[in-house]
Amino acid sequence: MRRFRWDNLKIAAAGVALLVILGLVLALRDNTRLISGEQLKVLMRKQLVTRVVLDEPYLYVRTARMRYKVPARGIDLAEVADRYPLEVRGSHPLAWLTALLGLLALGGGALWLLRRRQGSEPGSLVEGEPLRESASAETVAPTRSTVRFRDVAGMEDVKADLAEIIDFLRHPGKYRKLDVRLPKGVLLAGPPGVGKTWLAKAVAGEAGVPFFYQSGANIVEIYVGMGAKRVHELFQAAKRQAPAIVFIDEIDAVGKSRGEGRNDEREATLNQLLTEMDGFESGSGVIVMAATNRIEMLDPALLRPGRFDRRIHISLPDERERRAILELYLRKKPHALDLDRLAHLTVGFSPAALSTLVNEAALHALRRGSKRLEDADFEAVIEAVVSGKRKILSFSEEERRIQAVYQSAKALVATWYDVPFEKIGIVTTRLEETEREILSRGDLLARIKVRLAGPIATREVLGERYSNAAEDLARARREAQSVIFDYGMGEGMLPSQEEVESLLAELFEETAAMLRKLESARKAIEEHLLRHENIDPLQAREILRALF
Ligand code: ADP
């Protein structure tokens, strides 16, 4: 009997000891939720972050209700530090307190903790998690942007374009009195990370007006069946607080071309958005800005007059712009860098990618105990950043060559036919948008040929076709359709799809023949591009004149 009790006691004691150890281990391991850099961005954009602590390898982030950690590598620490006082710790600040609490929460507490942790293993990370936290409030809660134009490097022409809108937001009364109409919607188009959101925030910051952020994917996916209602609420709130900016990120999630793959929820949301945009007069003081990296896929209804009728294309920065961006990011960092060389090395880097790069290099300098950033720090990380995970958009030598062949053909055809362009380059191309102009059939066909030139050249010169042609081909097709259907410039009495196809085939042949004839000129332009990255109409004409 007696011995039996002793055993029981021993088992109980061992059990308690085990639980104590378990509790300690669990309490000392931080049980904050692991999120990705993208999710951190969402939290920051929505201004939910209250405190950040850097304790490598993680950045610990607190919001009013939650605690998160993000792997410090691969996030833009500079951006975080710009916005929040960044505390740097050697050990987790709350480790001791947590340990104490852990001790108190022994026994059953430990088991309970165990269950909780299983639910929040990094593996089970739910993409929408941080979004959900804010879902209730953020739709209609604006933020005050602290970004200014001085924080936006390069893009001088774009900034000049937006100056009028800022003035309007500052003094809507002035415009109302004179009955001047301004665009209601500004569409920012360009690849990810080029600063579309950043720019919209800068406009809000410059004008000093509330900034209502909403992401298209968020509207449609998170609030299934409620998209339309949310859009309505969003606009109600914005009108109440006008002048204001409503910014819809990834608008393609809402405004994808209808047609294939009908989706009632999306359609209802899109219709609501169109109704809202038609519903307010331009004098109401609300400007809707939207961003997309797939303008080709947008429903044409969004682009009609009175909706997003101001379109701004933002491309990847060229060498000069990259230099300006690097300069901005390095403004407050002691360094001995050759910025010209660095700008040259980073072809294809978006501003977001450049910021990661600077950040990684700064961490590298810190690790080797230097107070100054040096070229070697960049050399050490650039390879890893570019080749490692290819998280950053950048061109390899081969891609540079492909682009050079592709864009040289485009520049050549544009110059030959006098199709206006600002510049054509390896990473950026700015064809001039013509909106209110009378164009002849010849002008229109020349434009289509410019779009076809790239894919033809890579096929002829490199013996292969590449995915970089997607946008140009889609545009060529759309423009050919306009020629036949909208402008009625076909041969037959009734426009038909067949006519579109045969027009495209004909233009394809003509362009191919012309490129074959002018191969030496194309080659010269290609060399210019490889050396200087961009070409403008004057330089292109110069090259042609020298050859013929
Ligand atoms: P997008 O909305 O086009 O995907 P973002 O606006 O989110 O890109 O830009 C990503 C980050 O890159 C911004 O948070 C900002 O720090 C930086 N950035 C982008 N463009 C610029 C710029 N022109 N000058 C300085 N920083 C920029």
Side-chain angles (χ1 to χ4, degrees), residues 36-47 49 52 59 70 74-84 86 143 145-162 186-206 211-218 245-253 289-295 311-333 339 342-343 346 348-360 362 385 391-394 427-428:
S36 68
E38 280 310 305
Q39 289 170 310
L40 170 65
K41 270 197 177 172
V42 174
L43 290 177
M44 286 179 39
R45 262 183 203 165
K46 298 187 175 162
Q47 313 226 325
V49 176
V52 286
L59 179 76
V70 196
I75 56 171
D76 185 355
L77 279 182
E79 190 193 337
V80 175
D82 264 2
R83 293 188 44 188
Y84 308 97
L86 182 66
T143 56
S145 166
T146 51
V147 184
R148 295 286 184 280
F149 269 173
R150 62 164 183 274
D151 305 311
V152 181
M155 303 204 226
E156 294 311 324
D157 43 345
V158 174
K159 287 194 228 173
D161 250 13
L162 291 170
V186 179
L187 185 65
L188 305 172
V194 290
K196 300 183 291 296
T197 312
W198 194 241
L199 189 67
K201 273 193 189 153
V203 172
E206 288 287 333
F211 183 74
F212 289 83
Y213 174 92
Q214 187 56 266
S215 116
N218 207 358
I245 287 186
V246 170
F247 179 71
I248 305 177
D249 204 358
E250 305 165 52
I251 194 168
D252 34 288
M289 297 183 80
T292 179
N293 45 30
R294 287 177 294 185
I295 196 170
R311 267 155 267 163
I312 296 179
H313 288 268
I314 306 181
S315 33
L316 287 171
D318 63 20
E319 194 167 320
R320 212 172 30 136
E321 289 169 316
R322 288 198 300 277
R323 195 188 189 288
I325 292 166
L326 285 166
E327 216 172 287
L328 180 74
Y329 291 162
L330 289 162
R331 202 177 33 186
K332 290 186 205 142
K333 295 187 171 62
L339 287 185
L342 208 53
T346 45
F349 276 62
S350 68
L354 287 173
S355 129
T356 308
L357 181 70
V358 169
N359 193 48
E360 291 275 313
V385 169
K391 260 192 298 191
I392 288 182
L393 173 65
S394 154
V427 292
T428 58

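Whatever order the structure lists ligands and atoms in, that order sets their numbers, starting from 1.
Scanning all protein heavy atoms for the shortest distance to atom 6 (O) of ligand 1 gives W198 N, 2.8 Å. Of the protein's non-hydrogen atoms, the one nearest atom 25 (C) of ligand 1 is D151 O, 3.3 Å. Ranking protein heavy atoms by distance to atom 7 (O) of ligand 1, first place goes to R45 NH2, 3.5 Å. Nearest protein neighbour of atom 22 (C) of ligand 1, counting heavy atoms only, is A153 N, 3.6 Å.
Proximity to P192 (heavy-atom distance under 4.0 Å) selects the following atoms of ligand 1: 4 (O). Within the listing of ligand 1, atoms 2 (O), 6 (O), 7 (O) sit less than 4.0 angstrom from a heavy atom of T197. Per-residue contacts place L328 under 4.0 angstrom from the following atoms of ligand 1 (heavy atoms of the residue considered): 25 (C). Listed by number with element, the atoms of ligand 1 under 4.0 Å from a non-hydrogen atom of A352 are 10 (C), 12 (O). Listed by number with element, the atoms of ligand 1 under 4.0 angstrom from any heavy atom of G195 are 1 (P), 3 (O), 5 (P), 6 (O), 8 (O), 9 (O), 19 (C), 20 (N). Applying the 4.0 Å criterion to heavy atoms of M155 picks out, from ligand 1, the atoms 23 (N).
Checked options L199, V194, N293; the residue passing with L188 is L199 (criterion: side chain to side chain contact (heavy atoms under 4.5 Å, CB included)). Just one residue in the list I248, I312, I251 forms a side chain to side chain contact (heavy atoms under 4.5 Å, CB included) with L187, and that residue is I251.
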- Message: ring pair (Phe, Tyr, Trp, His ring centres under 6.0 Å), that's the test. Do F211 and F247 meet it? Break it down for me.
- Response: CA-CA 7 Å; F211 183 74; F247 179 71; 5.8 Å; yes
- Message: For a side-chain contact (heavy atoms from CB on, under 4.5 Å) check, start with the C-alpha distance between F212 and I245, then their side-chain angles and the critical distance, and finish with the verdict.
- Response: CA-CA 6 Å; F212 289 83; I245 287 186; over 6 Å; no
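Between P351 and ligand 1, not a single N/O pair is under 3.5 Å apart. Checked by distance only, ligand 1 and K196 come closer than 3.5 Å through their nitrogen or oxygen atoms. Annotation: Y329 places an N or O atom under 3.5 Å from an N or O atom of ligand 1; distance criterion only.
Not close to ligand 1: N293, with no non-hydrogen atom less than 4.0 angstrom away. Ligand 1 has at least one atom lying under 4.0 Å from a heavy atom of G193.
Put simply, the side chain of E206 never gets that close to the backbone of V203: no donor and acceptor are under 3.5 Å apart.
Salt bridge R323/E319: absent, no basic N to carboxylate O contact under 4.0 Å.
For the pair V158 and H313, the minimum side-chain heavy-atom distance is 4.5 Å or more. Under the 4.5 Å side-chain criterion, counting only non-hydrogen atoms from C-beta, L357 is in contact with F349.
Taking both residues in full, the closest heavy atoms of G193 and P351 are given as O-CD, 3.1 Å, listed atom of the first, atom of the second, then distance.
The neighbour count for R148 CZ, taken as heavy atoms of other residues, nucleotides or ligands under 6.0 Å away, is above 12.
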